[in-house]
Amino acid sequence: MKIVSYNLNGIRARLPRLIEYIEEQKPDILCLQEVKCADEAFPIEDIRSAGYDGVWHGQKGFNGVAILTPGRPAQVRRIGLPGDPDDTHSRYIEAEVDGVVIASIYLPNGNPVGTEKFAYKLAWMDRLRVHAQALLAEERPVVLAGDWNVIPTDDPDDVFSARAMASDALMQPESRAAYRRILNLGFTDAIRARYPDGAVYTFWDYTAGCWQRDAGFRIDHLLLSPLAADRLLDAGVDKEYRGREKASDHAPTWVGIED
DNA sequence: ATGTCAATACAATATTGA
């Protein structure tokens, strides 16, 4: 089964891209981030017309996550990340599909460093770690898919220029340590398991001709629990979609696991 | 310092958040 993570940067602005992605790639599970619309504005009828259904956690203006599946909607397990009842951001939805636990994650960006936004990012990651540990304890196949807003290393395989990005929240030692703490619970980074070497970028900024000069970085990750990693067949980035008309600044990032 | 984009408030541009 093909499981995809795709930060759309606005589902209404991106609807033609989304529908053509569904029709061309026919993913078994499509995790979306930054849908940027209220629950009642989610274009579910357009998605149903393409033969898919969905579960979503929207928010007016920004954030918003969803999980789309062909035919019937996924079985929702959780809407929102536990650990802070005062958190108003729509950044987490978790469902079960064919025995696999799937989370669509939109981790806080955290810029600029040194502000409450960065503190929120780190606190959110701590809550995610606690929850991820609880998921592992279930001893089931789990895929944590999303825009993690963390560039794992300074390696050119992860980022076009560590120097240019050095002061960004995506690169800070605290962000990376929080990411590694989750990874080190026992998850496998599917992209790096498939491609131990070589640049695999998932995001290219709209500004400064970043796409044209391949100045990207890797922030969309699919983390596999041991039982999911045992079934890993392939992983990749559908990079071509970043070059299309009215594209998102992210490319769809995916993992294939045995049925 | 954005060679950019989307959504919103508001009513032609400014603000927010990437």
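When reading the values below, keep in mind they use all heavy atoms of this one structure, side chains included, and skip hydrogens, waters and symmetry mates. Residue numbers start from 1 in every chain, and the chains themselves are labelled A, B, ... in the order their sequence lines are given, proteins ahead of strands.
Rounded to a whole Å, the CZ atom of A/R244 is 18 Å from the P atom of B/dC5. Going from atom NZ of A/K60 over to atom P of B/dA6 covers 19 Å, rounded to whole Å. In this structure, the CZ atom of A/F203 is 12 Å from the P atom of B/dC5, given to the nearest Å. Rounding to whole angstrom units, CG of residue A/D205 and C1' of B/dA1 are separated by 13 Å. Counting to the nearest Å, the C1' atom of B/dT2 and the CG atom of A/D249 are 14 Å from each other. Rounded to whole Å, the distance from NE2 on A/H89 to C1' on B/dA18 is 13 Å. Atom pair A/L107:CG and B/dA18:C1' shows a separation of 14 Å (rounding to whole Å applied). Rounded to whole Å, the distance from CZ on A/R17 to C1' on B/dC5 is 15 Å.
Where A/Q212 and A/N7 each meet DNA chain B at their nearest nucleotide, the meeting point lying more 5' is that of A/Q212. Along DNA chain B, the nucleotide nearest A/Y206 and the nucleotide nearest A/E34 are compared for position; the residue whose nucleotide lies closer to the 5' end is A/Y206.
Taking the charged nitrogens against the carboxylate oxygens, A/R218 and A/D189 do have a contact shorter than 4.0 Å, which makes a salt bridge. Looking at A/D158 and A/R176, no side-chain N of the basic residue comes within less than 4.0 Å of a carboxylate O on the acidic one, giving no salt bridge.
Contact check, A/R12 against B/dA6: no side-chain N or O comes under 4.0 Å of OP1 or OP2.
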Check against side-chain contact (heavy atoms from CB on, under 4.5 Å), A/F42 and A/I47: CA-CA 9 Å; A/F42 192 83; A/I47 290 162; 3.6 Å; yes

Going through the distances and angles, do A/L223 and A/Y179 end up as a side-chain contact (heavy atoms from CB on, under 4.5 Å)? CA-CA 11 Å; A/L223 267 53; A/Y179 174 71; 3.6 Å; yes

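Remark: of the listed residues A/R78, A/H57, A/R77, A/R77 is the sole one forming a side-chain hydrogen bond (donor to acceptor under 3.5 Å, both in side chains) with A/E94.
For the atom pair A/I3 CD1 and A/I257 CD1, the distance stands at 4.0 Å (nearest 0.5 Å). Rounded to the nearest 0.5 angstrom, A/L32 CG and A/H250 NE2 are separated by 12.5 Å.
Between the side chain of A/Y120 and the backbone N or O of A/D87, no donor-acceptor pair lies under 3.5 Å.
Of all nucleotides listed (B/dC5, B/dA6, B/dA18), B/dA6 comes nearest to the side chain of A/K246.
Residue pairs meeting the salt bridge (charged side-chain N to carboxylate O under 4.0 Å, His left out) criterion with at least one member in residues 22-44 of chain A, sequence neighbours excluded, are A/E24-A/R244.
One can find a donor-acceptor pair under 3.5 Å joining the base of B/dT2 and the side-chain atoms of A/T207.
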Pair assignment for DNA chain B - dot-bracket with | for other-strand partners, Watson-Crick or G-U under 3.5 Å: ...((((((...))))))

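Proximity of A/R194 to A/D234: side-chain heavy atoms (C-beta onward) are separated by under 4.5 Å at one or more points.
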Shorter than 3.5 Å, N or O on both sides, protein versus nucleotides 13-17 of chain B: list them out with atom names.
{"unit_1": "B/dG17", "atom_1": "OP2", "unit_2": "A/K117", "atom_2": "NZ", "d": "3.2"}

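Taking atom P in both B/dT16 and B/dT2, the straight-line distance is 14 Å, to the nearest Å. To the nearest whole angstrom, the two C1' atoms, one in B/dG3 and one in B/dA7, are 22 Å apart.
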